[in-house]
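A, B, ... follow the sequence lines: proteins, then strands. Residue 1 opens every chain. Note that these values count all heavy atoms, side chains included, but never hydrogens, waters or copies made by symmetry. Remember, predicted model here, so these are calculated numbers, not experimental data.
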4 protein chains.
Amino acid sequence: MPDRLPRRRKETRPAELLEAALDLFAEKGFAATRMEDIAARAGASKGTLYLYFPSKQAVFEALVHSALLPNMERLEAVVAGYEGSTPELLRTTLRILARLLENRRLIVLPKLVLAEAANFPDLARFHKRAVVDRGLGLIASILERGMARGEFRRQNPVLVARLFVAPFLMMVMWRTTFEPLDESFAIDTTRHLETHLDILLRGLAAEETP
Amino acid sequence: MPDRLPRRRKETRPAELLEAALDLFAEKGFAATRMEDIAARAGASKGTLYLYFPSKQAVFEALVHSALLPNMERLEAVVAGYEGSTPELLRTTLRILARLLENRRLIVLPKLVLAEAANFPDLARFHKRAVVDRGLGLIASILERGMARGEFRRQNPVLVARLFVAPFLMMVMWRTTFEPLDESFAIDTTRHLETHLDILLRGLAAEETP
Amino acid sequence: MPDRLPRRRKETRPAELLEAALDLFAEKGFAATRMEDIAARAGASKGTLYLYFPSKQAVFEALVHSALLPNMERLEAVVAGYEGSTPELLRTTLRILARLLENRRLIVLPKLVLAEAANFPDLARFHKRAVVDRGLGLIASILERGMARGEFRRQNPVLVARLFVAPFLMMVMWRTTFEPLDESFAIDTTRHLETHLDILLRGLAAEETP
Amino acid sequence: MPDRLPRRRKETRPAELLEAALDLFAEKGFAATRMEDIAARAGASKGTLYLYFPSKQAVFEALVHSALLPNMERLEAVVAGYEGSTPELLRTTLRILARLLENRRLIVLPKLVLAEAANFPDLARFHKRAVVDRGLGLIASILERGMARGEFRRQNPVLVARLFVAPFLMMVMWRTTFEPLDESFAIDTTRHLETHLDILLRGLAAEETP
DNA sequence: GATGAATGAGCATTCATTCAT
DNA sequence: AATGAATGAATGCTCATTCAT
């Protein structure tokens, strides 16, 4: 009887399956990951996987929902409650995002969404709305706060938000694309992003009013 | 009368086939594009396609080689012959790259390479060496020129080169991923990149020496 | 009502599939037999065939293993337990092998192995070791027994074993190659082999010791 | 002008093409040999090959005709003119055939005919008539001569002819199937056949009439 | 709830053969 | 006579999905 604890797992099963799926998607990409492999890694059978998710695409979508949205909300909460200077808020935001980039499994999700967008336009649309637009909106609101407080010079906040985010995208693509090829391709994320912020803050600084 | 000159097209056929492949890869991605479709769009048969390219992967590779390398070389030539101020050189570089971004078909190639890197690591390695590293090296050399001439403050040039490039990557991903979903998602590339350069140049400007 | 009991046939399926494969290989040869045909003849789908055998070659190999080895063992057991005179043992051996030749489906396997040896060298190697060498060794041991007991004159037993076997090979090739072309090409196997044994035994007989 | 002697080869071209085909069939078997390869090895183009042979099967047939029949005729001539004892004639016949077996390229033809018989029944039929039946007939006539002259005891000559030939078939299959796998699998053809003849002649010897 | 045997649509690739030049 | 570009039928294999147990 090596097979104890069979029931009662109903609650945890979906999470276990998603975790297995995330691992495999990270390792081999979406197309190369077989439903059977996902089930096997989660210690379940193919049938069970289909019990919780009606299709491979559904697994992918659930993964995106479950992994990205909580982080989104956490970040929004931090920003909402912030009291200090806007440059400091921007630095805090950058560091929170940088910490997310450290999570080797999490980081593959945006890459996957981008890579598979042509195959799953609905998912891409959802991701744009729920992650991209919402994230850019959050950054833009920070920038507006800075402009309103005279800390930044006037600029289109949405536009700058995209520029603020671009180096994160670069890191996502680099780490998911090139780093797996060879360890020596690794980049120092922190330095990359701190330099980014440094240049950005100087570039955004309000004109000296002599 | 599209059906004249059937034989002796050995010279033009590969280019026609690559063009068709690029169109389809752009539309549907690599995996979803069938060899038969490529051939058909080029007005040829499957067998003819295999006459010129031994595999689907080979088509992809030939596409990357033929489309990216010439532009790389053109850019290097411009930079090598430049005489004016470094900020102007950076602006010229940005505009050349921006114009490449306008090419709706060309732009899908980097996206594809990134998306398929896991499936074609050799191609990814080649692309990193021949496009990414080479391109970043070129930008870094421009930045070094500016620092040497006292136009920019001292910074790690490779690091800054990556920051210079990040918004281009963002545009590539945006235009290939989100714009096809809905026309209204389009971004004004020029404004995006000009703002980027504006902030970057300010952020990099040499300290006032009073 | 051939369509009952669709599931839970895991135990019997491989044998059914191999039987179908043997039929088709016998009829059309290895190359000309399609996996789909094998599956269809076994009342299964292509996918099911691949569920049990990872490739066409694997089907072939399983067939060779499953059909030849048991007979090999049976024959060895008979020889090992034999008590009578060696000429009688040789005659018994010949009759057992002759009976195997009667099996119209079994007989195609050696023919196939020979015909496909260039395409499947590993299989050929295995077959040489597991069937040819082992069989020749068995015959050689019988011949040695006869020589040791003074029933046969001294001769290289391995060499003679090959001569003992040659007419069986001839029957295999004849029946698989020429008989299918025309019924009238049939040969009386029994007479062929009994004559063979008759001549061989006389040719091997110990010199009269006057 | 590296391309001299273009014309005038009309006579030799077919022979060159057949030689190339024989080489390749010997190396890789019939199915695995591509028409393009045959043409290339003969220094010609695919089109030229089709100029002389209407199909791959036709190449095969021409090969069988051109390579086997002359040897057949040569052997018949030797037998027809023979004057000595029948055992000696049998030994001479055996040696002529043994020498043919030494020809590594020639030897693959019977193997190919057997292997491909299912795919080319017409060729198999032709081969049976023109080579097998004719050859067995020749041997049978020698055996009849020996029985008529009281050198051999009475036996069905056709039946014994097949037994005489069986070890040659074994050598053909062995050398074409197992020897290419590993040099160490080589057999001493001469000893094999001489032992065969020795046993056969004893086995056939007329009864001592005391 | 859970299983895993069964399905079959889908696609890359090969190569004998044709025929305009 | 000779070429070689073009064709397209044919087939092994994969894997998401279904469903009887």
Look at A:E36 together with A:R41 and state whether they make a salt bridge at an N to O cut-off of under 4.0 Å. no

Nearest 0.5 Å please: distance from the NE2 atom of D:H127 over to the CD atom of D:E116. 13.0 Å

Between C:S45 and D:S55, the residue closer to the 5' end of DNA chain E by nearest nucleotide is C:S45

Between B:T33 and C:L49, name the one whose nearest nucleotide on DNA chain E is closer to the 5' end. C:L49

What's the closest nucleotide to the side chain of [X] if the choices are [options]?
X: B:T48; options: F:dT7, E:dA2, E:dT13; result: F:dT7
X: B:Y52; options: E:dA6, F:dA1, F:dA6; result: F:dA6
X: A:R34; options: F:dC15, E:dT7, F:dA5; result: F:dC15

If you define the side chain from C-beta out and look only at heavy atoms, does anything of D:K56 sit under 4.5 Å from D:R34? no

Under a 3.5 Å cut-off for both distances, is F:dT3 Watson-Crick or wobble paired, and to whom? E:dA20

Taking a pair as Watson-Crick or G-U wobble with both distances under 3.5 Å, which nucleotide is matched to F:dC13? E:dG10

Both C:G47 and C:A31 contact DNA chain F. Which one's nearest nucleotide lies toward the 5' end? C:A31

Over how many whole Å does the gap from [X] atom [atom1] to [N] atom [atom2] extend?
X: C:K56; N: F:dT14; atom1: NZ; atom2: C1'; result: 17 Å
X: D:L51; N: E:dT21; atom1: CG; atom2: C1'; result: 14 Å
X: A:E16; N: E:dA2; atom1: CD; atom2: C1'; result: 14 Å

Ring-plane angle category for A:F30 and A:F120, please: parallel below 30°, perpendicular beyond 60°, tilted otherwise. perpendicular

Does A:K46 get its side chain close enough to the base of F:dT17, under 3.5 Å, for a donor-acceptor pair? yes

Can you find a side chain N or O atom of D:Y50 that sits less than 4.0 Å from OP1 or OP2 on E:dC19? no

